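These numbers come from a predicted model, not from an experiment.
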Amino acid sequence: MDKRKRIILHVDMDHFFTAIEERENPRYKGKPIIVGANPRQGRGRGVVSTCNYEARKFGVKSGMPISKAWKLCPHAIYLPVNRGLYMNVSERIMKILRKYADKFERWGLDEAFLDVSFKAKGFDEAKEVAKKIKKEIFEKERLTCSIGIGPNKLVAKIASDHEKPNGLTVVKEGEVRSFLNPLPVRRLPWVGEKTEARLKEMGIETVKDLAEANPIDLKEKFGVLGIQLYLMANGIDRSEVEEKKEIKSMGKDITFEEDTLNPKLIKETLSKLSEEIHKRLVKRNLYFKTITVKVRYDNFETHTHSKTLLSFTNKLQDLKDNVYLLTKKFLEKKRKIRLLGVRVSRFISSEKQKKLI
DNA sequence: TCTGGGGTCCTAGGACCC
DNA sequence: TCTGGGGTCCTAGGACCC
């Protein structure tokens with residue numbers, strides 16, 4: 001085990017999707033831009049994926065229903081999610097970032113962790129590395145990012161969010177406690193709406209409250225997460241920066257424009273979803289074993305049915321047959337369907353599969 | 001004639017991340 | 001206000017094996 005103190009950077013691109021759209025279309029500059037579902041004059045059913053700072057001035061936020069965004073800011077420029085474009089830009093940025101790291105971990109399209117413990121001797125040098133990174137990304141891609149530096153991933157991640165956009169926040173070991181203590185628990189990773197509410201019931205609202213809570217109580221209430229929460233609140237995070245190796249599952253969901261019971265539409269949609277997933281499987285050379293179908297009814301109630309096959313397959317027909325079979329169970333309910341989803345999991349690579357035969 | 005204990009796999013649901 | 005689509009991980013019960 002290496003005893004050297006760790007120095008971790010978290011790089012977070014500023015409002016990534018809308019920043020790319022602004023760059024590609026200079027005439028959008030200075031105007032509110034919202035990337036997400038089609039607003040359909042306020043009748044759209046998706047959510048806001050990303051919005052720029054001009055749109056945020058009107059109260060628009062990511063994750064918000066697109067219909068609400070329309071009410072707040074009808075004159076914004078509404079754009080669909082151009083995932084292919086963002087993925088290309090992301091690839092180039094990750095390539096830049098990787099050069100600066102001893103160890104590298106991509107986190108979604110627009111974030112990454114860099115362990116620079118060897119490349120930088122101390123936090124001051126790490127700060128210089130961060131400045132270089134920002135400079136190179138801006139020169140090559142005309143995009144800005146916010147960077148947090150800390151003794152572990154947890155602190156780096158929270159630090160990158162501290163000052164945005166185009167921020168740079170350094171939190172050294174000795175400063176971790178005073179940095180974290182005043183924050184609301186919601187700022188910690190894995191604390192979402194539900195966990196925040198349950199903590200509040202226990203009288204825990206700030207990170208300081210959580211750090212001073214009884215870990216036994218937390219473990220009882222939250223299981224593994226309870227221990228994790230206690231450690232995080234005390235600034236402890238030993239998780240390594242490491243690139244995730246293999247994908248665990250692959251799926252596609254579709255929300256209908258209107259809730260439906262139309263058997264023809266349902267069958268066609270299931271076919272399309274299966275075909276899309278099959279394409280991605282072939283591209284990655286994967287065989288799968290488990291199929292899951294997801295249905296969301298008109299009242300947002302969501303259920304899944306899944307089936308594990310006796311052996312691995314990569315055949316489209318196997319996928320479709322099982323998807324239809326699993327969906328049948330849902331259709332018997334005669335309730336209108338809002339969303340359909342198909343997911344496959346438990347993979348094996350084609351090379352390994354061939355060895356099995 | 002009332003039944004152990006450990007391990008693994010499968011299924012369903014739910015919270016959370018970006 | 002009315003809730004996307006891409007994922008990961010955890011929990012809990014039941015089946016099944018030895």
So what does [X] touch, heavy atoms closer than 4.0 Å: a base, only the sugar-phosphate, or nothing?
| X | answer |
| --- | --- |
| Arg296(A) | sugar-phosphate |
| Ile254(A) | sugar-phosphate |
| Gly341(A) | nothing |
| Lys244(A) | nothing |
| Thr292(A) | nothing |
| Val48(A) | nothing |
| Ser62(A) | nothing |
| Met64(A) | nothing |
| Arg343(A) | base |
| Val224(A) | sugar-phosphate |

Residue mapping more 5' on DNA chain C - nearest nucleotide basis, Arg280(A) or Arg43(A):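 Looking at DNA chain C, the more 5' nearest nucleotide goes with Arg43(A).
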
Nearest-nucleotide comparison on DNA chain C, the residue closer to the 5′ end among Ile66(A) and Gly223(A):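 Going by which nucleotide is closer to the 5' end, it is Ile66(A).
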
Whole-Å C1' distance, dT1(B) and dC18(C):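 Roughly 24 Å separates the two C1' atoms.
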
Whole-angstrom distance between dA15(C) and dG4(B), as gauged at atom P: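 Result for the P pair: 16 Å, nearest Å.
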
Within 45° cone and under 6.0 Å: Arg296(A) NZ/CZ vs Phe300(A) ring: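 Judged by the rule (NZ or CZ under 6.0 Å from the ring centre, within 45° of its axis), Arg296(A) counts as positioned above Phe300(A).
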
Minimum heavy-atom distance between Val60(A) and Ala69(A), given as atom pair plus value: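 That closest heavy-atom pairing would be CG1-CB, 4.0 Å.
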
Sub-6.0 Å ring centroid separation between Phe58(A) and His75(A):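 Yes, close enough.
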
Ring centres under 6.0 angstrom apart (Phe288(A), Phe347(A)):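 Not under 6.0 Å, so no.
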
Parallel, tilted or perpendicular: ring planes of His303(A) versus Phe330(A), cut at 30 and 60 degrees: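 Because their plane-to-plane angle lies in the 30° to 60° range, the rings of His303(A) and Phe330(A) count as tilted.
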
Whether His10(A) and Phe113(A) hold their rings parallel, tilted or perpendicular, with breakpoints at 30° and 60°: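 Judged by the thresholds at 30° and 60°, the geometry between His10(A) and Phe113(A) is tilted.
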
Span of DNA chain B in contact with chain A (heavy atoms, under 4.0 Å):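 Extent of the interface on DNA chain B: dC10(B) to dC18(B).
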
So, are [X] and [Y] salt-bridged, with charged N and O less than 4.0 Å apart?
| X | Y | result |
| --- | --- | --- |
| Lys172(A) | Glu175(A) | no |
| Glu243(A) | Lys103(A) | no |
| Lys272(A) | Glu276(A) | no |
| Lys135(A) | Glu139(A) | yes |

Identified pairing partner of dG5(B), criterion: Watson-Crick or G-U wobble below 3.5 Å: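 Result: dC18(C).
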
Near-strand residues of residues 142-164 of chain A, defined as heavy-atom separation under 4.0 angstrom from DNA chain C: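 Residues of residues 142-164 of chain A that come under 4.0 Å of DNA chain C do not exist, since none gets that close.
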
